[in-house]
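Just so you know, these numbers come straight off a predicted model, no measurement behind them. Read the numbers this way: they start at 1 and go in the same order the structure lists the ligands and their atoms. Numbering of residues begins at 1 and proceeds along the displayed sequence.
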Amino acid sequence: MHALELDLPSPASVSLVVGSLAVGLIIGWRYIRLHPFGKPSKAVKESESVKQREWGQWDPVLFPYPPINASPNPMDLKPIPYRPFRWGAYHVTMGIREMPWDEWMELDDRMTAYFYIKKHRIATRGINAIRILPDRHDDNVQVKSASQSAIELVHELAQYVNKRYPEAFSVSCDAESGFISHITIVPVNHTFQLPSPLLAKGSLVLRNVSLEEGEEALKIAVLLVQDDLALMVEGTDGRYYFQGGFWRLQDKIGLSLEEIHVEGNVPQYEKRLQVGMNRHFQRMSVDKPVIRNNYSIQVVPPEHVRLPGTELSSLDPILDDDRLFDPEEISWSSYANGPEDTFPHGNRYPVVSEKPELIVVSPENLRMRSERQTLRRLPLTGAIVFAIRTYTFRLQDLATEPGVPARMASAIRSWPMDVRKYKGAKVYEKAVLEYLDRAAEKQLQEGGEQMANDRGNKYPY
Ligand SMILES: *[C@@H]1O[C@H](CO)[C@@H](O)[C@H](O)[C@H]1NC(C)=O
Ligand SMILES: *[C@@H]1O[C@H](CO)[C@@H](O)[C@H](O)[C@H]1NC(C)=O
Ligand SMILES: *[C@@H]1O[C@H](CO)[C@@H](O)[C@H](O)[C@H]1NC(C)=O
């Protein structure tokens with residue numbers, strides 16, 4: 001249901017990005033460039049190496065993930081209550097901020113539910129959910145497979161989650177190489193054996209990786225975290241191609257960033273986003289990951305239709321009913337969009353007349369769906385990891401928070417026509433606005449202007 005959408009930076013985040021550029025240049029001097037056949041050369045300024053690069057070429061750099069502060073046990077944490085909407089005019093922008101290194105992946109007490117939802121999806125949807133494409137050789141473009149990147153990614157993630165969430169993961173390391181060989185997700189008591197790392201000891205040459213091995217690595221990577229993952233690989237034409245990942249794949253796999261957005265009918269993409277977004281991907285260096293949030297409204301099945309939800313440990317798709325694993329439709333909104341396999345890309349919310357039954361829109365069925373998206377370039381293979389964590393929050397809960405209903409109603413009212421269409425607003429906006437307005441009015445009565453128009457929280461909260 002999510003798409004690879006980024007918008008251009010808003011004024012506030014531009015200064016952040018510019019500020020971090022200066023820091024990046026300084027840190028850049030510390031990179032050690034690896035040469036395929038030799039010893040590490042002397043430090044090379046990252047900004048130069050980016051400019052000198054031929055499209056599709058990437059020289060591995062040594063970039064140890066910066067120190068990470070341990071988080072409390074995620075099983076004791078509630079999902080972070082993102083409220084990523086603003087008062088007043090809506091701008092189509094990339095809206096990116098610098099990503100704090102501690103916060104690459106967010107885990108919380110939903111981690112076991114996401115684990116089983118994903119396991120079920122992998123088992124039942126196969127290459128429509130998880131896949132890595134082989135090298136592509138066209139007349140126009142060559143793009144490498146993401147199989148090496150998947151190996152790099154699973155090792156990066158295993159090291160990261162082990163340091164960030166020490167109470168939820170335990171690892172054992174290979175005595176000789178020091179790399180993680182096994183990782184256990186403690187709350188589900190599941191242990192994975194990791195593939196051997198890309199770099200053998202004493203070697204500076206990345207080893208070859210088969211598609212099958214890459215896909216196995218990707219499966220593990222996906223199950224370690226709550227995010228969906230996309231590996232974007234630069235082609236010889238300078239474009240970024242979706243060469244592998246775990247997501248709704250059938251409408252996106254193999255496409256370039258441009259194609260994904262154009263076919264997804266992303267509002268104002270060509271006018272406002274395309275150039276800046278491509279440039280951002282091309283220039284992205286390993287030391288400057290970014291983050292953005294967005295939101296929409298989702299209508300979920302009414303309570304009496306919803307199944308209770310289950311957490312099963314078997315990988316077998318015994319119960320081929322997504323609703324049993326995913327009653328709140330985190331992975332696919334079949335209640336509002338119809339079956340995943342027949343949903344046409346870029347045509348959100350089929351017109352109501354095409355739907356077999358009417359969608360029931362009541363406050364109890366309404367969710368604010370928010371995506372937290374991060375972009376990070378992997379140092380050895382140069383692929384960009386696009387990670388998408390989906391949160392859903394009950395509208396009824398949001399409506400009780402100081403200032404939130406009035407702010408959300410203001411944000412929804414400011415969506416331009418194209419954005420309304422894109423977000424499928426027709427189905428729910430009347431019900432949502434009526435509900436939020438009533439909640440805002442109640443806050444005004446009970447807490448006064450100060451409560452109803454509370455602006456205390458900093459974006460994206
Ligand atoms: C965890 O799983 C292992 C087998 O993989 C089993 O031997 C062990 O008893 C389990 N531990 C718990 C606490 O369930
Ligand atoms: C990887 O495979 C290619 C082509 O099969 C081969 O030329 C190359 O030497 C291999 N590289 C390594 C590190 O094994
Ligand atoms: C996030 O981004 C785009 C809009 O920019 C949208 O297509 C995607 O579905 C969004 N997700 C949510 C939950 O709004």
Peer 1: Look at the aromatic rings of Tyr391 and Phe393 and report parallel, tilted or perpendicular, splitting at 30° and 60°.
Peer 2: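 Parallel, since the angle between the ring planes stays under 30°.
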Peer 1: What's the separation between atom CD in Glu371 and atom CG in Asn294, rounded to the nearest 0.5 Å?
Peer 2: 5.0 Å
Peer 1: May I have a table of the N/O to N/O pairs between ligand 1 and the protein that fall below 3.5 Å, each row giving the two atom names and the distance to 0.1 Å?
Peer 2:
unit_1	atom_1	unit_2	atom_2	d
ligand 1	2 (O)	Asn189	OD1	3.4
ligand 1	2 (O)	Asn189	ND2	2.3
ligand 1	11 (N)	Asn189	ND2	2.9
ligand 1	14 (O)	Asn189	ND2	3.3

Peer 1: With no hydrogens and no angle check, just 3.5 Å: does a side-chain donor-acceptor pair link Glu259 and Ser256?
Peer 2: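 Yes.
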Peer 1: Check each atom of ligand 2 against the heavy atoms of Leu206 and keep those under 4.0 Å away; list them by number with element.
Peer 2: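 Listed by number with element, the hits are 13 (C).
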Peer 1: Using the test side chain to side chain donor-acceptor pair (under 3.5 Å), find all partners of Tyr165 that sit at least two apart in sequence or belong to another chain.
Peer 2: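 Not a single residue meets the side chain to side chain donor-acceptor pair (under 3.5 Å) criterion with Tyr165.
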Peer 1: Can you name the closest pair of heavy atoms from Met284 and Val290 and give their distance?
Peer 2: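 Closest pair (atom of Met284, atom of Val290, distance): CE-N, 4.2 Å.
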Peer 1: In terms of ring plane angle, is the pair His261 and Tyr269 parallel, tilted or perpendicular, where the classes change at 30° and 60°?
Peer 2: parallel
